[in-house]
There are 2 protein chains.
Amino acid sequence: MNQRPRHVIRAGVIKALAHPSRTLIVETLTDGERSVGELTSLVGADISTVSKHLAIMKKAGIVVVEKRGLNQYYRLACPCFLDFLRCVDFIAGVNADGASCRAA
Amino acid sequence: MNQRPRHVIRAGVIKALAHPSRTLIVETLTDGERSVGELTSLVGADISTVSKHLAIMKKAGIVVVEKRGLNQYYRLACPCFLDFLRCVDFIAGVNADGASCRAA
DNA sequence: ACAATCATTGGCCGTTTTACCAACCATCCA
DNA sequence: TGGATGGTTGGTAAAACGGCCAATGATTGT
């Protein structure tokens with residue numbers, strides 16, 4: 001069904017994480033679901049901006065949303081983001097300290 | 001030394017991967033080092049374009065370069081990218097198939 | 001029905017990204 | 001030294017991104 005090459009698909013997912021606000025949101029959601037209003041306070045931007053960030057991540061399959069009452073609650077689609085961020089931190093560590101990179 | 005918040009640092013690394021050509025390059029480098037010319041053939045863009053992609057990833061600490069003779073050989077700074085891409089594929093799979101996401 | 005709250009969507013605009021070409025730097029060999 | 005090969009850098013133009021504001025749903029309570 002999806003005929004895009006693998007690296008394009010992968011880049012699409014990665015791109016949806018490639019913004020400081022979105023990374024912050026993902027970090028926060030590892031701790032459990034949050035409403036858009038809560039995430040807006042966290043990020044410190046206009047709620048419309050945060051809503052668009054969430055839409056991007058939803059489209060990429062990174063988060064899922066559930067409506068309860070007046071609120072939309074977002075949570076991670078996948079717990080494996082902890083591993084994901086660990087990989088990222090390895091690279092960041094190499095970059096910052098010149099530390100050697102050991103396997104997971 | 002680095003006082004930027006963690007999520008900004010993380011986003012910087014992720015951003016350096018967030019392009020189809022760069023993802024393709026990383027995939028290829030998991031198989032071993034390549035020269036700029038080889039990567040240019042792979043990507044199918046101008047060599048100057050590929051050179052700039054590599055510079056972005058080098059600055060982010062994702063790749064390292066070694067000059068031997070006339071060639072610049074790039075390789076991954078860290079073998080953990082296999083894990084990294086596996087995480088990405090989990091998300092991509094959820095997105096594409098609606099498949100459930102199991103832990104690593 | 002009306003008002004209040006939570007969130008999404010459209011529009012505008014400044015910034016960033018990306019691609020190509022051209023020019024330049026570096027290395028090796030004749 | 002001159003030429004060929006391999007790569008980087010600067011310039012520029014098109015496209016994508018990201019932010020806020022304003023307007024529009026959607027849901028709940030009065």
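No hydrogens, no waters, no symmetry mates; every other heavy atom, side chains included, goes into these values. Letters go in sequence order (proteins before strands), and every chain restarts at 1.
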Visitor: Keeping the roles fixed (side chain from Thr23(B), backbone from Leu17(B)), state whether a donor-acceptor pair exists under 3.5 Å.
Guide: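 Yes, Thr23(B) side chain to Leu17(B) backbone: donor-acceptor pair under 3.5 Å.
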
Visitor: Answer yes or no: is there a donor N or O on one side and an acceptor on the other, between the side chain of Thr49(A) and the main chain of Ala45(A), under 3.5 Å?
Guide: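 Flag not set: sc Thr49(A) to bb Ala45(A) has no pair under 3.5 Å.
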
Visitor: What residues in residues 23-32 of chain A put a non-hydrogen atom under 4.0 Å from any atom of DNA chain D?
Guide: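 Residues of residues 23-32 of chain A under 4.0 Å from DNA chain D: none.
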
Visitor: Establish, for the pair Arg34(A) and Tyr73(A), whether the NZ or CZ atom is under 6.0 angstrom from the six-membered ring centre and no further than 45 degrees off its axis.
Guide: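 So Arg34(A) doesn't make the cation-pi contact.
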
Visitor: Please work out which residues in residues 63-70 of chain A have a non-hydrogen atom less than 4.0 Å from an atom of DNA chain D and list them by number.
Guide: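 Only Lys67(A), Gly69(A), Leu70(A) qualify.
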
Visitor: CG of Leu76(A) to CG of Asp31(A): how many Å apart, nearest 0.5 Å?
Guide: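 Rounded to the nearest 0.5 Å, the CG-CG separation comes to 10.5 Å.
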
Visitor: What does nucleotides 15-21 of chain C look like as a protein-contact string, B for base, S for sugar-phosphate only, - for none, at under 4.0 angstrom between heavy atoms?
Guide: --SSSBB

Visitor: Using a cut-off of less than 4.0 Å, is there contact between a side-chain N or O of Tyr74(B) and OP1 or OP2 of dT8(D)?
Guide: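 True: Tyr74(B) side-chain N/O within range (under 4.0 Å) of dT8(D) OP1/OP2.
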
Visitor: With the 4.5 Å side-chain cut-off for hydrophobic clustering, are Leu39(A) and Val64(A) part of the same group?
Guide: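 Different hydrophobic clusters.
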
Visitor: Between Arg22(B) and Glu27(B), does any side-chain N to carboxylate O distance fall below 4.0 Å?
Guide: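 Answer for the salt bridge query: no.
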
Visitor: Rounded to whole Å, how long is the line connecting atom CG of Leu54(A) with atom P of dC6(C)?
Guide: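 Value for this atom pair: 16 Å.
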
Visitor: Check for a donor-acceptor pair, side chain of Ser51(A) on one end and backbone N or O of Ile47(A) on the other, with a separation under 3.5 Å.
Guide: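 Looks like no, no N/O pair under 3.5 Å.
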
Visitor: What integer distance in Å separates Ile47(A):CD1 from dA26(D):C1'?
Guide: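 So the CD1-C1' distance, Ile47(A) to dA26(D), works out to 13 Å.
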
Visitor: Taking only side-chain nitrogens and oxygens of Asn71(B), does any of them come within less than 4.0 Å of OP1 or OP2 of dG7(D)?
Guide: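 For dG7(D), OP1 or OP2 has a side-chain N or O of Asn71(B) closer than 4.0 Å.
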
Visitor: Does one hydrophobic cluster hold both Met57(A) and Leu42(A), with members joined at side-chain heavy-atom distances below 4.5 Å?
Guide: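 Yes; tracing contacts between hydrophobic side chains, which count when under 4.5 Å, links both residues.
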
Visitor: Could you walk me through whether Gln72(A) and Glu66(A) pass the side chain to side chain contact (heavy atoms under 4.5 Å, CB included) test, one step at a time?
Guide: CA-CA 6 Å; Gln72(A) 304 272 11; Glu66(A) 182 187 349; over 6 Å; no

Visitor: Would you say Leu24(B) ends up clustered with Val65(B) if hydrophobic residues are merged whenever their side chains have heavy atoms under 4.5 Å apart, either directly or through other cluster members?
Guide: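 Yes: a chain of side-chain contacts under 4.5 Å links Val65(B) to Leu24(B).
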
